[in-house]
Amino acid sequence: MEATSTRRQRADGARSRQAILRAAANLATIDGLEGISIGNLAEHIGMSKSGLYAHFRSKEQLQLETVETALGIFNAEVVDPTTGIDDPRERLRVLYGRFLDHIAQRIFPGGCFFASVEAEFDTHPGPVKDKIAAIQQQWTAGVEELIRAAQATGALPASEDAAQLAFELDAYGLMGNTSFVLHDDPAYLERAREAINRRLGGA
């Protein structure tokens, strides 16, 4: 009986922690990771400050776990649904299409989580910046790998510089995100989608 109660408490604690981190990820796209405090997060989710302190030892730990939570959500929404697509160029199309869709659906209220925190932490050295940079590098490496795979099949010209094409695709996607958030107009996401599809179609 005692073991069952302990397991239930642990499960409840894990769910509570995930709810806190999901709320923190949402707030980060509006107020920034630096703008998240134990106080405003506690108020946002209706929890006591002492309850939050029990979950996180420091603000930096909260920030790092928030980034990890956002990555899990991003992968589930954008990356994982594309893993079964064998054609690398088609996978690139779907990958960027899902990226734009997740912005349009406001999975995070302030647009792309990583676009927000990259701009915030680009001049702030430390573990949080390092983690964000590593995630960005992993994304870029994955896109470049798909481009080279598409080149190997002849779907994209071998003369293309994979790093340059990856940079351009990201630039279109991020510009669509920025303009959508700024103007609250999905037309900008469709412009980005058209630009990406055209670039992949006529690269």
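Treat the numbers as computed from the prediction; the structure is a model and nothing was measured.
Sorted by first then second residue, the salt bridge (charged side-chain N to carboxylate O under 4.0 Å, His left out) pairs that include residues 32-50, not counting sequence neighbours, are E34-K59. For residues 159-179, no pair satisfies ring-ring contact (aromatic ring centres under 6.0 Å, His included), with sequence neighbours left out. Contacts classified as side-chain hydrogen bond (donor to acceptor under 3.5 Å, both in side chains) and involving residues 64-81 (residues at least two apart or in different chains) are given here: R17-E65, Q61-E65, E68-K131.
Of the possible polar contacts, one joining the N40 side chain to the G35 backbone as a donor-acceptor pair under 3.5 Å is found. Using modelled atom types, one side-chain atom of T29 and one backbone atom of N26 make a donor-acceptor pair closer than 3.5 Å.
Contact check for M47 versus S16: side-chain heavy atoms found under the 4.5 Å cut-off. By the 4.5 Å heavy-atom criterion applied to side chains, F74 and H102 are counted as neighbours. When side chains are defined from C-beta on, T82 does not count as touching E90, because their heavy atoms never get closer than 4.5 Å. By the 4.5 Å heavy-atom criterion applied to side chains, R22 and I73 are counted as neighbours. L41 places a side-chain heavy atom less than 4.5 Å from the side chain of L62. Side-chain atoms of L200 and L169, non-hydrogen and from C-beta on, do get closer than 4.5 Å to each other. Considering only heavy atoms from C-beta on, H124 stays 4.5 Å or farther from I132 through its side chain. Taking the side chain as every heavy atom from C-beta outward, T153 and D87 never approach each other to under 4.5 Å.
A166 and Y96 get closest at one heavy-atom pair: O-OH, 4.1 Å. Heavy-atom minimum distance, A115 versus L174: CB-CD2, 3.9 Å. Taking both residues in full, the closest heavy atoms of I36 and A24 are given as CD1-O, 3.1 Å, listed atom of the first, atom of the second, then distance. In terms of heavy-atom proximity, L64 sits nearest to P127 at CD2-O, 3.7 Å. Of all non-hydrogen atoms in A192 and G176, the two that sit nearest each other are CB-CA, 4.0 Å. Contact between R98 and V78 at its shortest, heavy atoms only, is CD-O, 3.7 Å.
Atoms CG and CD, on D122 and Q136 in that order, are 12.0 Å from each other to the nearest 0.5 Å. Interatomic distance, Q137 CD to E144 CD, rounded to the nearest 0.5 Å: 11.0 Å. Note that the CD1 atom of I196 and the CG atom of L100 stand 5.0 Å from one another [nearest 0.5 Å]. The distance from the CD1 atom of I107 to the SG atom of C112 is 12.0 Å, given to the nearest 0.5 Å. Summarising the geometry, atom CD belonging to E60 is positioned 7.0 Å from atom CD belonging to Q63; distances are rounded to the nearest 0.5 Å.
With sequence neighbours excluded, no residue forms a side chain to side chain donor-acceptor pair (under 3.5 Å) with E118. The side chain to side chain donor-acceptor pair (under 3.5 Å) test applied to E194 returns R198, not counting sequence neighbours. For D101, the side chain to side chain donor-acceptor pair (under 3.5 Å) partners are R193, not counting sequence neighbours.
E160 has a carboxylate O that lies under 4.0 Å from a charged side-chain N of R199, or vice versa, which qualifies the two as a salt bridge.
The hydrophobic clustering, which links ILVMFWY residues whose side-chain heavy atoms are closer than 4.5 Å, places F99 and Y188 apart. Under a hydrophobic-cluster definition in which Ile, Leu, Val, Met, Phe, Trp and Tyr are linked whenever side-chain heavy atoms come within less than 4.5 Å, directly or via other members, L33 and I135 are assigned to the same cluster. Cluster annotation: L27 and I45 are assigned to the same hydrophobic cluster (Ile/Leu/Val/Met/Phe/Trp/Tyr, side-chain heavy-atom contacts under 4.5 Å, transitive). I85 and V79 sit in two unconnected hydrophobic clusters of ILVMFWY residues. Membership requires side-chain heavy atoms under 4.5 Å apart, directly or through other members.
The environment of E145 atom CD is sparse: at most 12 non-hydrogen atoms of other residues, nucleotides or ligands sit within 6.0 angstrom. Residue R91 qualifies as enclosed at atom CZ: its count of foreign heavy atoms under 6.0 Å is above 12.
In summary, the aromatic rings of H183 and F180 are positioned with their centroids too far apart to meet the 6.0 Å limit.
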